[in-house]
> 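Quick one: this structure, given as structure tokens, is what I'll be asking you about.
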Amino acid sequence: MFLCNSLPAQDKVIRELRQTLSGKRDSIDYVNVLNQLGMRYHLSNADSCFLFAVKARDIATRLNYRKGGADALNNLSIFYALKANMKQAIEYDYKALLLYRQLGDSANVCQVLMNSSVYHDIEGRKQEATVLLQQAMNIGQHLRDDSIYGLVLINYALHFDDDTLRKDSVSWALNKAKEILKKYPGGRNHYYIEAFEADEWMRRGEAGKAVKRINELADQSLREGLVFVAIDMLEHINNYHKNSNVVDVISYKEKIFELAKQAGYTDLMLPVTISLYRYYAARKNTAKTAVYGNKLYELISRKQEIKNNTYLNHLDYFLKEQILAEWQLSNKVQEEKIAKANMVKMHRLLLIGFLSVMLLLLGGFTFSRYRSYRNLRQQELMLAGMNRVISEKNKQLQTNDDFKNKLISIIANDFREPLNNIIRVAAMFRNNANQEALQEVIEQVDVSSRNTLVVFDNILRWIKSQLSGFVYSPMACNLLQLFEEVVQSLELALMHRQITVGLNISEDLLLAGECEMLQFVNRSLLHCAVSFSPANHTIGIVAIKEADRVKVTLTSIAPELTGEVAARLFDIYREKEEPEGEDISLTLVICKDFIDKMGGHIWAEKKGGLLLLVYTLPSFN
């Protein structure tokens, strides 16, 4: 009986852990959930236990997470025990024991010692098993979480159940285990307590009552997904048959075999397989004799292979550990002697270092004279370089002048609409237009005026970044918080278009940038995505950390936008190519300029019917 403390509703708990696993982002929590799944699965599927244990061990090793590594090794030891490879189980068990001792985890030290006693008992090493079990008993009675102690007591009763000299101590252990486990309802431990009671009925001659109770326990454990427990319960009926032949045991053995095959415990079922093979061979049932014969050949071959491997003695490790401690003390004495020798050596090195510094100073003086000569030639080259720089800056000034001329033309185009609307309102007042038409034009004036104010605000922000006194100083910007503010500010526009925004951004993800500039870029890109999108759909915003940078992607549907137009959204100047009434070219130009100033990159691309607005900036994490 291996450790698994409190396992109610096996299948339900496994489903909940799998759902939790998909939502884990922190690697240490991820390892912990993997180990919990491995421990759960050892009661129903040995191979799944192995897969989760190996994955947890690999990640824990990469993270140097010793607790996670110890739990993974513990699960691996249980897996190999279920596969009847006790040598490998003992090896992994001992490695887990060393890690738990280093961590000072008394509870897990206790359960590993208990498991190790089971492995040695199966191997026929009764003396070592008794020593290890007694060590687990000594530690368990001092644990605050005495549920583990209750499990150790059950294993104590199982270990000494056939010892007539220990009847009183076995009875005491069972009563104490019942008392402890009342505080921890659920789990598989109550099955073993009730199975002991059924065994007692059998000893008193109440065979029918005992068999019925064992069948009830087996059926109940199967309903809870505890296959390993169901097999243990059915083994009691097999033992009843050995002692009194009160029941036809073949059907139970076949059920044990099928359950073990389903859960991957076939290696533990060698005696059952031998018995079934002999039974059907004696009755000349060729089909079933072939089935069990083939499985028997496979099991014996694997067992022989395990026997040929080197055996690992658990107690030898304890002795070697004590010898290692003595060597460590001897090493400390040697280290003190070496430290004194190193002190003398250090004084000599200081003297050599002083002489070396003097030589370096002399060499530095000679080098400085030579460098003065070289500087004369470098100044000539510098003058030529400055002339080239001035020429390039003149070209840049010309380019900027062209850009500003184009900017003025865009501004004039954007301001024409609100001015025309104001003239229309004045004309309607003069002509005494009806109230409804006047109200409609006033609403148009309101919308166009607001858009004009947004354009003014964008231009002012951009001009501020262009002034000579502006100094860019990156700071930590919480990306999730900035996008939440943007979504809140555009709430009315989103509700009007019936568009939802999905944020997939870590709470602790920080960007290195200027928060005001970054907030402008986020708001502008979201507004752009909304303007290109049809109503009734979701815009996704995802942030991924890649090395020392963060990639932010806004994904929306843009059926009317072509791939060529999307590739040129952030060009310095282009004709109007957006949907009617949504001229955002000036805003996107300013976005590109802000991202460039913050040391990032921004682009747009079309994938199928999706428009991707992407930028990257340095990470602050």
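What you see is a predicted model; the values in this text were computed from it and never measured.
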> Go through the side-chain N and O atoms of Ser117 and His159 and say whether any donor and acceptor fall under 3.5 Å apart.
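There is no such pair (donor and acceptor under 3.5 Å, judged by atom type) between the side chains of Ser117 and His159.
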> Looking at every non-hydrogen atom in both residues, tell me the closest pair between Cys110 and Val152 and how far apart they are.
SG-CG2, 3.7 Å
> Return yes if a side-chain donor-acceptor contact under 3.5 Å exists between Asn115 and Gln111, otherwise no.
yes
> Are the charged groups of Asp121 and Arg125 less than 4.0 angstrom apart, N to O?
no
> Mark yes or no: Lys55 above the aromatic ring of Phe52, with NZ or CZ under 6.0 Å from the six-membered ring centre and no more than 45 degrees from the axis.
no
> Does Leu151 offer a backbone N or O that forms a donor-acceptor pair with the side chain of Asn155 under 3.5 Å?
yes
> Are the side chain of Thr289 and the backbone of Asn285 linked by a donor-acceptor contact shorter than 3.5 Å?
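Answer holds: yes.
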> So with a 6.0 Å cut-off around CG of Asp168, is the heavy-atom count from everything else above 12?
no
> Let me know which of Val614, Thr616, Ile544 forms a side chain to side chain contact (heavy atoms under 4.5 Å, CB included) with Thr553.
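Going through Val614, Thr616, Ile544 one by one, the side chain to side chain contact (heavy atoms under 4.5 Å, CB included) with Thr553 is satisfied by Val614 alone.
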> Closer than 3.5 angstrom, by distance alone: can the side chain of Asn294 be matched with the main-chain N or O of Ala290 as a donor-acceptor pair?
yes
> Between Lys87 and Glu91, is there a salt bridge with N-O shorter than 4.0 Å?
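Salt bridge absent between Glu91 and Lys87.
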> Does a side chain donor of either Asp71 or Tyr100 reach within less than 3.5 Å of an acceptor in the other side chain?
yes
